A.B. asks: 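Dumping the structure here so I can ask a few things about it.
Predicted model, so just to flag it, every value in this text is computed and none were measured. Note: hydrogens, waters and symmetry copies are ignored here, and every other heavy atom, side chains too, is used. Both counts, for ligands and for their atoms, begin at 1 and track the order of listing.
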Amino acid sequence: METKYWHMEADAPDMAAIAEAAALIRAGELVVFPTETVYGLGADAGNETAVRAIFAAKGRPGDNPLIVHIAEKEALKQVAAELTPAAEKLIRRFWPGPLTVILPKHPDIAPSVTAGLPTVAVRMPSHPVAAAFIRAAGVPIAAPSANRSGKPSPTIGEHARQDLSGRVAAILDAGCCEIGLESTVVDCTQEPVRLLRPGGITLEELRMVLGEVELAAALLPEEKPLAPGMKYPHYAPAGKVYLAEPAEAIAKAESLRQAGEKVALLLSEETADNIWDVHPDISVLILGSREDLEGVAQTLFESLRSCDQIEASAVVVESFPENGIGLAVMNRLRKAACAK
Ligand code: TXA
Ligand code: MG
């Protein structure tokens, strides 16, 4: 399949291209589009055949449900059968934006979208191109992240192109995604609500609105080394990923190098500033400042992908504090570290 490709600025949607892409969605085709979190691989959420094609294009297991994207709060009626009080509060505060809520599903949503579950995940992105595209399509759009299954989510159009060129009808490229990690997923079918995936909206922000928020078992401290990423392959560069405390990262990289590995070492600016004698065969990548976790989040997936470009067989990553978006950063790193 020949993939159409359009480039535009995030704040200046190319309406002619968007109209063409929207027509492809209505015709049952797949289109990659930018959001403020990561790129999405979209199809008409009411078209079962189109939704199945998403799973095939990504190589995604059929039992992992998708997020439905809408452009207006009004459209929630077409996706969810019911709006719970907690979901209503969260939506009022955080939409449009990087928050996904789980609600009871509307019957018009194709069964594959929810992998047969009675619930549906839904979000309203704030990215101007995403909003214009969904509005032009005129239907809710089911979309997982636009990576091949097991790769980090694409945070620039080029990553989506590398993974999905020839497998989708079109790609809308609007450069770099502002947040760089996927949306926060909150199960609103229960009280108190439960955080399933940390993301762009922080746990602290959720608690500010709702008071009590439970953590999914996989996010609890005692589960951390084992649970995340065990069921689905996730966020992994080709090399094996090791998480290390800041003071231990450099020594860990050196011992792997001595054992014959091709090592990439991903560090904060602060730790990198203190390196005097790292071996020239170790590739050092800077993730950003420990004081600016939003900055680390934004470039994390791009850095993990560049480990493949340098063909690292081992990737040592410094661990970061778990406040704010740091919780999401560490969640993704743990998944990467236990993927192999
Ligand atoms: O930021 C994002 O959320 C991006 C952009 C494209 O919107 N999308 C994204 O989709 O990350 P995906 O498919 O990579 O992740 C969706 C997550 C998965 O962890 C899936 O298991 C969960 O949402 N999910 C979807 N429907 C669910 C449901 N009914 N119940 C529980 N979890 C659900
Ligand atoms: Mg994904």
A.B. asks: For ligand 1 and S183, I'd like to know whether there is a polar contact (N/O to N/O, distance under 3.5 Å).
C.D. replies: yes
A.B. asks: Atoms of ligand 1 less than 4.0 Å from A121 heavy atoms?
C.D. replies: 25 (C), 26 (N), 27 (C)
A.B. asks: Which of the atoms in ligand 1, numbered in the order shown and given with their element, are less than 4.0 Å from a heavy-atom of L66?
C.D. replies: 25 (C), 26 (N)
A.B. asks: Go through ligand 1 atom by atom and flag the ones less than 4.0 Å from a non-hydrogen atom of L196.
C.D. replies: 31 (C), 32 (N)
A.B. asks: Between E20 and K4, does at least one N-O distance fall below 4.0 Å, as a salt bridge requires?
C.D. replies: yes
A.B. asks: Just let me know how K58 lines up against ligand 1, side chain, backbone, both or neither, with a heavy-atom cut-off below 4.0 Å.
C.D. replies: neither
A.B. asks: So, is N64 polar-close to ligand 1, with some N/O to N/O distance under 3.5 Å?
C.D. replies: yes
A.B. asks: Salt bridge check: are K262 and E311 linked by an N-O gap of less than 4.0 Å?
C.D. replies: no
A.B. asks: List every atom of ligand 1 that sits less than 4.0 Å from any heavy atom of T119, numbering the atoms from 1 in the order shown and giving each element.
C.D. replies: 28 (C), 29 (N), 30 (N)
A.B. asks: Do H69 and F33 have ring centres separated by under 6.0 Å?
C.D. replies: yes
A.B. asks: Under 2.8 Å from the Mg ion (ligand 2) - does any N, O or S atom of S149 fall there?
C.D. replies: no
A.B. asks: Please identify which atoms of ligand 1 are closer than 4.0 Å to at least one heavy atom of L117.
C.D. replies: 28 (C), 29 (N), 30 (N)
A.B. asks: Which atoms from ligand 1 have a heavy atom of R197 less than 4.0 Å away?
C.D. replies: 2 (C), 3 (O), 9 (C), 11 (O), 15 (O), 16 (C), 17 (C)
A.B. asks: Heavy-atom contacts under 4.0 Å between T114 and ligand 1: side chain, backbone, both, or neither?
C.D. replies: neither
A.B. asks: Does E302 come within less than 4.0 Å of R305, counting only side-chain N to carboxylate O?
C.D. replies: no
A.B. asks: If you measure from each non-hydrogen atom of K105 to ligand 1, which part falls under 4.0 Å: side chain, backbone, both or neither?
C.D. replies: neither
A.B. asks: Of all the atoms in ligand 1, which lie at a distance below 4.0 Å from a heavy atom belonging to I67?
C.D. replies: 3 (O), 8 (N), 9 (C), 10 (O), 16 (C)
A.B. asks: Is any side-chain N of the basic residue among E318 and R290 closer than 4.0 Å to the acidic one's carboxylate O?
C.D. replies: yes
A.B. asks: How long is the span from the CG atom in L41 to the OG atom in S145, to the nearest 0.5 Å?
C.D. replies: 8.5 Å
A.B. asks: With a cut-off of 4.0 Å, which atoms of ligand 1 are near a heavy atom of G40?
C.D. replies: 6 (C)
A.B. asks: When you compare the side chains of S306 and Q309, does any donor N or O come within less than 3.5 Å of an acceptor on the partner?
C.D. replies: no
A.B. asks: Counting only nitrogen or oxygen atoms and a 3.5 angstrom limit, does H69 reach ligand 1?
C.D. replies: yes
A.B. asks: Any side-chain heavy atom of L266 within less than 4.5 Å of one from V316?
C.D. replies: no
A.B. asks: Between the side chains of K335 and E182, is the shortest nitrogen-to-carboxylate-oxygen separation below 4.0 Å, so that they form an ion pair?
C.D. replies: no
